[in-house]
Each structure stands twice: as C-alpha cells, then as structure tokens.
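Single-structure report; data block below.
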Protein chains: 2
Amino acid sequence: MFASWAYADGMSDGSPTPIRERTRRLAQIELTTVAQDLFLEHGYEETTVDQIAAAAGMSKRTFFRYFPSKDDLVIGKYDLFGDRMADALDARPADEPVWESLRRVFDITLDYVQDSQARARNDAMDRIVQSTPQLTARYLEKLQRVQALLIGRVAARLGSSASASDPRPAAIVGAAFACMQAARASWLSSDQSEPFGEYLDRAMGALDVDVDSERRDALGGGQ
Amino acid sequence: MFASWAYADGMSDGSPTPIRERTRRLAQIELTTVAQDLFLEHGYEETTVDQIAAAAGMSKRTFFRYFPSKDDLVIGKYDLFGDRMADALDARPADEPVWESLRRVFDITLDYVQDSQARARNDAMDRIVQSTPQLTARYLEKLQRVQALLIGRVAARLGSSASASDPRPAAIVGAAFACMQAARASWLSSDQSEPFGEYLDRAMGALDVDVDSERRDALGGGQ
DNA sequence: GCCCTAAATGACACCGGGTGCCATGTTCGC
DNA sequence: GCGAACATGGCACCCGGTGTCATTTAGGGC
C-alpha cells in the first residue's frame, strides 16, 4: 500500500529539473533498491547502515546525506501521501457526506504502479514494516501527521462550533484511517485474490458518521 | 490519561510479595519520579540516561536493569492497560452493542488516581509524549498492541464469518481508539474544566457501528 | 577545452541509547 | 557465619546519527 516511487519528474514549473537533483534521485532509488534486497534477505534490524552504504558503494556518512535516517529509507515514501490526500479531499464535492469523501480519498492509494513486480516488492516491504515494531511505530506516527492535514478540512465541512475543542473531526478522520489500516492488515494477510478496495469497503461500511449537519447532506436537503 | 502507577501490591496468590521485588518497584518509582522532574525541566530528548541514572544515584548500566529503554520509563505504564481493558470488555453484557461496550471499557481510564497532584504530573507527562515524535510513535505502537487484545473479542461478539479475513473487528476497535485519542487530544489542549468523559462521549457519538448482527442487538430482537 | 566554484564525498571523532561480560559487593536463607 | 543468589558498577563494544574538515568531483561560464 502507499507505493508510488513515482517521483514525478515533470514538475509543474518550467524548470527542466537540475541535473544534480536528478542524479540525487537516482542515488536514492539505487540505495532503496539495494537496501530492500538486504532487508528481505537478512531482515531490517539485522542489516546495518554500513552494510547498505557499502553495498551501494558509498560511505555511511554519505548515506545519511540521502536519507535522514535508516527508517526513512523504508517509510519516507509515505510523506508524499499527506499532500495528495489533502488535495484529493479538496477535490471532492463539498456536499458529499464526509465518510464517503474519505473513502474516495483512499482510492488514490489504489491506482498506483500496476507493474506486478514493483507491487510485490512493495507488499514485501509493507510486511516488513508490519513485522518490525520500530518501523510500525514510525509508520503510525507518520500516518498521524497525514491525518492532521485532513482534520482541519473535515472540521470545515462539519462547520464545527468551536473547532479546537471539538474532538469529532479528529475522531472521524482517525476512524477512517483505522478502517484503512484494518483493511490493509486483512488484505496483506490474505491471498490477495480479492482487490484491496473490497476490504476497504467492508471495513468502512461497518461504521457510519452520525453528525447533525451530516444527515442533512446525506438526505440532500436541509437549511 | 492512563495513569495508575497503582502497581497492585496485593496480588491474587498468597505470596506476600518478595522483599526484593518490592525494593525493585521502589527503585522504579524513584527513577520515574527523578526522570520526570528532569524531563519537565530540560525536555525529554535533552535529558540523557546517564543524567537520570546519576540523579537517582546509580549507573547507566543499572538503569537499564530497571527499564528496557529510556522510552519505557515514560510509556511503560500503558502496558498494564491492555489486560485491564480486555477484562473490562469481558465484563460487559454479551448482548450490549459493541460500540457501547467499548465506550464503557474506556471508563477504566477515568477512575484512576484522584490525587490532583499526581494527576497534574500525569497530564504533564502526556503532553510530553504528545510533543515528542519518538514517544508518540512508541505510544501509538503500544496502543496498537492493546487494540490487538480486543479485536478477537469483538470478532467473537459479531460472530464474524471468516474471522481472519474480516477487517471489521479491527476497524471497529481502531475507530474506538481513534475516538479516544481525539478526545484525549482535545481535552489535553483544553482548560480541563469539562470532564474527559464528555469529550469521549462527543467523539464516540460522532460515529455509529453498522453491522447486521449489531442492529438486532440494539433493537433487542432478532433470530 | 580551461578554470573557478560549488557541491559531493570520505574519513574521523564524537554523542547517546543499548548490551554482553565480568568482577565486586550485598543480602537472603540456613 | 557461610554459601548462593542477586544487585551493582565498570568496561568495552555495537549501532544509529551528527559535526567538521580536507579532498575530490563535476558543472557552468568563458
């Protein structure tokens, strides 16, 4: 889940992407590839940064110029999703029920790389994250940050009274992410014959948002 | 939240609590007290284990014989809550709607120490956890483990079809915890004039469990 | 192609969390 | 008072991560 090493090269501005920047990306990709191989073979904790750096033909010090930490080599990719999800949420119609909007926002985690090899690699890394407490912890914390980006937007939709003191936006967003995680866990431990989206539907279908201003929207009426 | 250094001394078995064990607890308490003072004054990351150990009159090596890690000194207490919550859930009537049961389970996080001094101390530590990414990460991971204990029980209540592949129990439990966290965050950043329970009600009230076998229970009928 | 400069690198020393090991107390039970 | 178990401290060491500096490499203007 949450793959997309797509490192969009075609930026929006006209700048033709500096050469140095491109080689930097190249080095990062090389590093992650090499590291993933090592992780899959020996495990995450058993693989030292020195080994990764050596395998990629550089020194430990240089490794840390490409990644702020060993964890980020695995988990860094999730950073990109915060903004994407925020954009995706903004793109949903304002009168759509929040729960439905959130479900749609999660769709962007689905339509990424179709290359089955890259996909398998990604799933393998996800399993490593799930089975390594340290990585799980950092992953959860990153997810929390992503959620933070969405909470304000949800609050705006609810037209919450006193925004800061109303726990409901955070509760709703948190619940949605909990559903996503539950779906993710179930799916990862399945044979993956069913598409992930179905797991997500099942998980999110088990819950309902129940907020006054929400019902009105759902019924297409009100005020 | 989640205080209770209550370290129940009166265990169920007849053993009068070995002397060594008691002094060990004492040392742990002393250590946490001293450490909390240092954390509150200088911050968590700025305080080194050496300093804590020295302030408690022992060596760093000995510190690690009392706590598996620096983090655990702050976060360790949450471990106790897994079992407590599991017990609390088991104690709820089997035909009670799951969401309601979970709400009641969270009550055990309320009726802990009434001592306002200890309470203030605890809240302060909670704020430290919330403002230190590293601790937040580990906290979230611990919560995840607590959730794992409850998921099986919720699955049993739902009489889920294929337990392992059904994401709904995890989704429901995860959502409930998301509500708790949302309430916790709102409450901690409030002036605390309103009781925490109200925040919790508001957060959990924003969501509804919608599972077939659930509706039946809620209506007191069915099958 | 040349040269100047900026960036990339490597080596090294260092910090802090954490562990294995062993020698030296300290305390319990008898 | 004695032996065994336990607690402690000290030390060397591992690993992740950072600051510093000298050296190399590569880019861009000419």
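Throughout, protein chains are lettered first and strands after them, A, B, ... in sequence-line order, and every chain is numbered starting at 1.
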- Ring-face cation contact, F196(A) with R119(A), 6.0 Å cut, 45° max: no

- Task: Inspect the contact between R84(B) and D87(B) and indicate whether a charged nitrogen and a carboxylate oxygen are less than 4.0 angstrom apart.
- Result: no

- Query: Base, sugar-phosphate, or nothing for F63(B), non-hydrogen atoms under 4.0 angstrom?
  - Reply: nothing

Give every pair of a protein N or O atom and an N or O atom of nucleotides 28-30 of chain C that lie under 3.5 Å apart, one pair per line with the distance.
none

- Item | Nucleic acid contacts - residues 48-57 of chain B versus DNA chain D, non-hydrogen atoms under 4.0 Å | G57(B)

- Task: Please find the earliest and latest nucleotides of DNA chain D, in the 5' to 3' direction, that have an atom within less than 4.0 Å of any heavy atom of chain B.
- Result: dC6(D) to dC11(D)

- Query: M58(B) CE to dT26(C) C1': how many Å, rounded?
  - Reply: 15 Å

- Task: Check the distance between dG17(C)'s P and E46(B)'s CD and give it to me in whole angstrom.
- Result: 11 Å

- L73(A) vs F63(A) side-chain heavy atoms within contact, under 4.5 Å: yes

- Cation-pi between R202(B) and Y199(B): NZ/CZ under 6.0 Å from ring centre and within 45° of the ring axis? yes

- Just call it for T23(B): base, sugar-phosphate, or nothing, with non-hydrogen atoms closer than 4.0 Å on any strand. nothing

- Task: With R184(B) as the cation and F177(B) as the aromatic partner, state whether NZ or CZ is under 6.0 Å from the six-membered ring centre and within 45° of the axis.
- Result: no

- Could you give all pairs that pass the salt bridge (Lys or Arg N to Asp or Glu O under 4.0 Å) test and reach residues 26-42 of chain B, with sequence neighbours left out? D37(B)-R121(B)

- Message: For D71(A) and S69(A), which I'm curious about, is there any donor-acceptor pair between the side chains at under 3.5 Å?
- Response: no

- Partner residues of F39(B) under the ring pair (Phe, Tyr, Trp, His ring centres under 6.0 Å) criterion, sequence neighbours left out: Y44(B)

- In short, side-chain hydrogen bond (donor to acceptor under 3.5 Å, both in side chains) pairs touching residues 143-156 of chain B with sequence neighbours left out are D90(B)-R153(B), E141(B)-R145(B)

